[in-house]
Amino acid sequence: MVKTIVVIGAGVMGRGIAYASALGGYEVFLTDVDRKSLDKARQEIDSIIEQSVERIKITPSQGKEIEQKLVYSMDLRQCLATADLVIEAVPEKKNIKQRVFQEMERYAPGHCLFATNTSTMSPTEIGSYGKRPHKTIAMHFFNPVHKINFIEIIKGLETDDATVEEVIGVAKRMGKETAVVNEFPGFITSRISALVGNEAFYMLQEGLGTPQEIDKAIKLGLKYPMGPFELVDLVGLDARLNNLLYLYEKLGEKYRPAPLLEQYVKAGRLGRKTGKGVYDYSQENERGVHL
Ligand SMILES: NC(=O)c1ccc[n+]([C@@H]2O[C@H](COP(=O)([O-])OP(=O)(O)OC[C@H]3O[C@@H](n4cnc5c(N)ncnc54)[C@H](O)[C@@H]3O)[C@@H](O)[C@H]2O)c1
């Protein structure tokens with residue numbers, strides 16, 4: 001039975017996952033190698049709590065409880081000592097995930113379940129980085145985590161049914177619906193989203209229209225809730241590029257990243273998190289949370 005959740009990586013996703021875990025009543029440790037990221041995570045989570053209270057989504061006493069359930073720490077070993085479930089949310093790079101899973105294996109108790117928030121990668125391969133592939137699974141959350149009530153759950157080859165059941169239970173307590181799928185690069189959602197998002201960059205590169213016109217056409221004409229550029233600015237252009245590079249390697253030509261996307265990433269235009277992506281957010285509220 002899961003009581004304590006450790007979230008590794010306090011970036012765009014990790015902070016949302018930590019909030020959702022505390023909202024679900026779990027004791028939560030949020031950890032990162034970067035102090036600044038951890039500090040920013042605390043600020044953003046405090047903002048989400050504040051705004052959720054203002055909007056009567058939670059009561060003030062629930063807000064206090066959530067705050068008390070969260071521990072922010074750079075001491076990975078200490079965080080892992082009492083973990084029942086670890087949710088890894090470090091960058092989509094094989095070498096980083098491999099190192100983190102090896103550390104998880106070293107310091108987490110034997111009963112602890114391992115989940116990865118990978119957008120594209122194989123939970124079977126990630127499971128092979130530790131010694132408990134039957135307890136390893138992907139829990140693919142969506143951004144912004146506190147607003148999107150869905151998790152795609154991906155089984156690896158060795159993932160056992162008990163692990164699947166346990167993480168479905170955790171998702172329910174976080175207030176999230178789930179779909180359980182078998183492993184394939186990009187699963188359901190990233191496979192579609194990466195394709196649409198990449199195509200939009202090709203359109204921009206070809207001079208088909210402005211980002212505003214392209215987003216407007218997709219939203220109004222195709223009934224997407226967000227335009228592809230609004231979405232990539234939220235996701236992070238670097239995160240999208242990493243997904244595309246992985247899918248290009250695994251699934252071939254149709255996922256080759258648009259050169260314009262690569263150029264934006266080289267320029268540091270990573271989206272809302274850096275204040276500028278396809279659009280410019282430098283004038284927006286400094287709390288950086290958009291409920
Ligand atoms: N951004 C999205 O919309 C989105 C959506 C679904 C899934 N994902 C996936 O979630 C994962 C994280 O993505 P993100 O967008 O939150 O990335 P991010 O770059 O915003 O955050 C990653 C965090 O991990 C930290 N980190 C790096 N190495 C670490 C280590 N060894 N130990 C602990 N922390 C470490 C970084 O300091 C950073 O704070 C990726 O696998 C990504 O594909 C992202």
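Bear in mind that the values here come from a model prediction, so they are computed numbers and not experimental data. Remember, it's 1-based here, ligands and their atoms both numbered in the order they're listed.
By the 4.0 Å heavy-atom criterion, Pro91 is counted among the residues contacting ligand 1. Within the structure, ligand 1 lacks Met121 among the residues with a heavy atom less than 4.0 angstrom away. Look at His140 and you'll find a heavy atom under 4.0 Å from some atom of ligand 1.
Between Lys64 and Glu67 a salt bridge is recorded (basic side-chain N to carboxylate O distance below 4.0 Å). Ion pair Lys219/Asp215 not flagged as a salt bridge, since none of the NZ, NE, NH1 or NH2 atoms sits closer than 4.0 Å to an Asp/Glu carboxylate oxygen. Look at Glu253 and Arg256 and you find a salt bridge, because one of the NZ, NE, NH1 or NH2 atoms lies within 4.0 Å of a carboxylate O, short of that distance.
When non-hydrogen atoms are compared, ligand 1 lies under 4.0 Å from the backbone of Asp32 as well as from its side chain. Proximity of Ser37 to ligand 1, defined as any heavy-atom pair under 4.0 Å, is confined to the side chain (atoms from C-beta onward). Of all the heavy atoms of Ile8, the ones lying under 4.0 Å from any atom of ligand 1 belong exclusively to the side chain. Here Phe142 has no heavy atoms under 4.0 Å from ligand 1, in either its backbone or its side chain. Using a 4.0 Å cut-off between heavy atoms, Thr116 makes no contact with ligand 1 at all.
Across the listed options Val232, Ile96, Val90, Val90 owns the non-hydrogen atom lying nearest to atom 35 (C) of ligand 1. The closest heavy-atom contact to atom 7 (C) of ligand 1, among the options Ala41, Gly9, Ser119, Ser193, comes from Ser119. The closest non-hydrogen atom to atom 9 (C) of ligand 1, taken over Leu234, Asn117, Asn143, comes from Asn117. In this structure, of Gly11, Ala239, Ala10, the residue bringing a heavy atom nearest to atom 18 (P) of ligand 1 is Gly11.
Checking Thr116, Asn117, Ile96 one by one against Val90, the side chain to side chain contact (heavy atoms under 4.5 Å, CB included) holds for a single residue, Ile96. None of Lys3, Met1, Glu27, Glu166 except one satisfies the side chain to side chain contact (heavy atoms under 4.5 Å, CB included) rule with Asp84; the exception is Lys3. Considering Lys135, Glu88, Glu105 in turn, Glu105 is the only one that fulfils the side chain to side chain contact (heavy atoms under 4.5 Å, CB included) rule with Phe114.
A donor atom on one side chain and an acceptor atom on the other are not found under 3.5 Å apart for Gln78 and Ser73.
Of the protein's non-hydrogen atoms, Val235 O, 2.8 Å is the one closest to atom 1 (N) of ligand 1. Looking only at heavy atoms of the protein, atom 41 (O) of ligand 1 is closest to Glu92 OE1, 2.5 Å. With respect to atom 44 (C) of ligand 1, the closest heavy atom belonging to the protein is Met13 CG, 3.3 Å. Ranking the protein heavy atoms by distance from atom 6 (C) of ligand 1 puts Phe141 O, 3.2 Å first. Among all protein heavy atoms, the one lying closest to atom 15 (O) of ligand 1 is Val12 CB, 3.8 Å. Nearest non-hydrogen protein atom to atom 19 (O) of ligand 1 is Lys273 NZ, 3.9 Å. The nearest protein atom to atom 30 (C) of ligand 1, hydrogens excluded, is given as Val33 CG1, 3.7 Å; this is a heavy-atom distance.
Between the Arg15 side chain and the Gly11 main chain, a donor and an acceptor come within less than 3.5 Å of each other. When atom types are taken as modelled, the side chain of Tyr26 and the backbone of Arg173 share no donor-acceptor pair closer than 3.5 angstrom.
Each of the following atoms of ligand 1 lies closer than 4.0 Å to a heavy atom of Asp34: 37 (O).
Taking the salt bridge (Lys or Arg N to Asp or Glu O under 4.0 Å) definition, one finds that Glu183 meets it with nothing, sequence neighbours left out. With sequence neighbours excluded, no residue forms a salt bridge (Lys or Arg N to Asp or Glu O under 4.0 Å) with Asp280.
At least one N or O atom of Lys97, backbone or side chain, sits closer than 3.5 Å to an N or O atom of ligand 1. For ligand 1, none of its N or O atoms has an N or O atom of Thr118 under 3.5 Å away.
At least one protein heavy atom sits closer than 4.0 Å to atom 32 (N) of ligand 1.
More than 12 heavy atoms of other residues, nucleotides or ligands sit less than 6.0 Å from atom NZ of Lys273. The neighbour count for Phe142 CZ, taken as heavy atoms of other residues, nucleotides or ligands under 6.0 Å away, is above 12.
Rounding to the nearest 0.5 Å gives a distance of 7.0 Å between CG of Asp233 and CZ of Arg272.
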